[in-house]
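Please read the structure below before turning to the comments.
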Number of protein chains: 2
Amino acid sequence: MSETSLPEILRARGLRLTAQRQLVLEAVHELGHATPEQLHHAVREVAAGVNITTIYRTLELLEDLGLVTHTHLSHGSPTYHPVGEDQHAHLVCRDCGAVSEIEPAVLAPLANGLAEERGFQLDIGHVALFGTCGDCGGAK
Amino acid sequence: MSETSLPEILRARGLRLTAQRQLVLEAVHELGHATPEQLHHAVREVAAGVNITTIYRTLELLEDLGLVTHTHLSHGSPTYHPVGEDQHAHLVCRDCGAVSEIEPAVLAPLANGLAEERGFQLDIGHVALFGTCGDCGGAK
DNA sequence: TTTCGTGCAAATGGTTTGCACATGG
DNA sequence: CCATGTGCAAACCATTTGCACGAAA
């Protein structure tokens with residue numbers, strides 16, 4: 001359900017299996033969508049010495065290997081999440097900052113429309129939609 | 001068709017009308033969607049001494065006044081564009097980096113769906129959709 | 001052993017802040 | 001005049017890079 005086949009994938013490319021790489025991948029799975037800094041914290045709780053630089057380099061690698069992706073949820077840092085099974089897009093509330101996920105099905109019609117009319121291949125896993133969530137919209 | 005009512009809006013708030021504020025607003029209208037840095041360049045061509053700091057502060061102000069908004073088009077800097085008339089969303093190609101606009105109508109069904117099912121009020125002008133554009137997708 | 005990965009420190013790029021001077025009202 | 005704006009320089013924060021040491025194969 002997690003830890004895809006990191007060892008094999010790495011070996012297949014002649015890359016090395018290291019504790020850091022395993023830990024970062026685990027953290028991405030655990031945290032869902034997390035920034036490099038958040039992942040750094042998570043990893044540090046297990047292995048104190050790991051440097052933030054390594055987090056960045058490892059995320060780049062894992063993304064290259066197709067094991068994780070990142071999305072830009074408004075403001076600063078991108079957030080990373082595991083690739084695979086559960087493709088999902090994000091709804092971001094600009095008032096309270098809450099992030100929720102939506103199933104790709106919701107975007108399917110839009111994706112099809114864009115593909116037909118413009119030949120644009122929508123990357124659903126990368127979609128972040130901004131607006132006001134129910135709680136903020138109703139209350140405020 | 002441009003230069004809304006900057007002077008009045010400012011006066012209404014007891015703020016001052018300055019050359020810089022006019023220039024930044026004009027630049028936003030001219031450039032469409034531009035990063036702070038691009039706006040800085042544009043403004044400098046007219047008034048050489050304007051500092052990048054002022055661009056940032058002015059953009060924040062103009063956004064606060066409801067005259068401009070910003071969108072995060074993937075990577076680094078946000079891009080600013082005038083608010084009003086032509087609300088539009090963006091399509092960003094992750095291969096070639098091209099940015100194109102789509103009419104809000106395309107997103108209307110999605111927006112309605114989200115509103116009904118989740119009470120989420122989609123901010124269409126803020127939407128950036130990532131994927132592969134026709135040129136890159138077909139060719140590659 | 002040999003190459004790849006990591007930690008560390010410094011460089012970078014974008015954005016923000018503090019402060020004194022300039023200027024609009 | 002007086003308060004707000006601006007320019008400048010320095011501070012910041014996230015991310016990247018260079019280099020020498022440490023570790024996987």
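All values derive from a computational prediction rather than experimental measurement. Numbered from 1 within each chain, the chains take letters A, B, ... in sequence-line order.
Within the nucleic acid shown, Gly14(B) has no heavy atom closer than 4.0 Å to any nucleic acid atom. Nucleic acid contact for Ile52(B): none, since no nucleic acid atom lies under 4.0 Å from a heavy atom of the residue.
Here the side chains of Arg13(B) and Asp64(B) are in contact, with some heavy-atom distance below 4.5 Å. In this structure the side chain of Val83(B) never reaches within 4.5 angstrom of the side chain of Val68(B), judged on heavy atoms.
Atom CG in Leu61(A) sits roughly 10 Å away from atom C1' in dG5(C) (whole-Å rounding). Protein atom CG of Leu6(B) is 15 Å distant from nucleotide atom P of dG24(C), rounded to whole Å. If you measure from atom NE2 of His40(B) to atom C1' of dG14(C), you get 13 Å, rounded to the nearest angstrom. When the C1' atom of dA23(D) is taken as reference, atom CG of Leu10(A) falls 15 Å away, rounded to whole Å. Whole-Å rounding puts the Leu65(A) CG to dG5(C) C1' distance at 14 Å. To the nearest angstrom, P of dG14(C) lies 19 Å from CD of Glu60(B). In this structure, Arg13(A) atom CZ and dA24(D) atom C1' are separated by 19 Å, rounded to whole Å. Rounding to whole angstrom units, CG of residue Leu15(B) and C1' of dT6(D) are separated by 15 Å.
If you check dG7(C), dT17(C), dG5(D) against the side chain of Thr53(B), the one that comes closest is dT17(C). In this structure, of dC8(C), dT6(C), dT6(D), it is dC8(C) that holds the atom nearest to the side chain of Asn51(A). Considering only the side chain of Arg57(A), dG7(C) comes nearest among dG7(C), dC8(D), dG5(D). In this structure, of dG7(D), dC8(C), dG5(D), it is dG7(D) that holds the atom nearest to the side chain of Val50(B).
Heavy-atom nearest nucleotides on DNA chain D were determined for Arg44(B) and for Leu17(A), and the one closer to the 5' end corresponds to Arg44(B). Between Arg11(B) and Pro36(B), the residue whose closest nucleotide on DNA chain C is further toward the 5' end is Pro36(B).
The side chain of Gln20(A) places no N or O atom within less than 4.0 Å of a non-bridging phosphate oxygen (OP1 or OP2) of dA23(D). Under 4.0 angstrom from either OP1 or OP2 of dT6(D) there lies at least one side-chain N or O belonging to Thr18(B). Applying the 4.0 Å criterion to OP1 and OP2 of dG5(D), one finds that Arg21(B) has a side-chain N or O inside that range. Listed pair Thr54(B) / dG7(D) meets the phosphate criterion, a side-chain N or O lying under 4.0 Å from OP1 or OP2.
Under the ring pair (Phe, Tyr, Trp, His ring centres under 6.0 Å) rule, His70(A) has a single partner from His126(A), His81(A), His90(A), which is His126(A).
At a cut-off of 3.5 angstrom, the base of dA3(D) holds at least one donor-acceptor pair with the side chain of Arg16(B).
Scanning both residues, Gly125(A) and Thr71(A), for their nearest heavy atoms gives O-OG1, 3.5 Å.
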Side chain to side chain contact (heavy atoms under 4.5 Å, CB included) evaluation trace for Leu91(A) with Val99(A): CA-CA 6 Å; Leu91(A) 289 184; Val99(A) 176; over 6 Å; no
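Atoms CD and CG, on Glu30(A) and Leu39(A) in that order, are 10.0 Å from each other to the nearest 0.5 Å.
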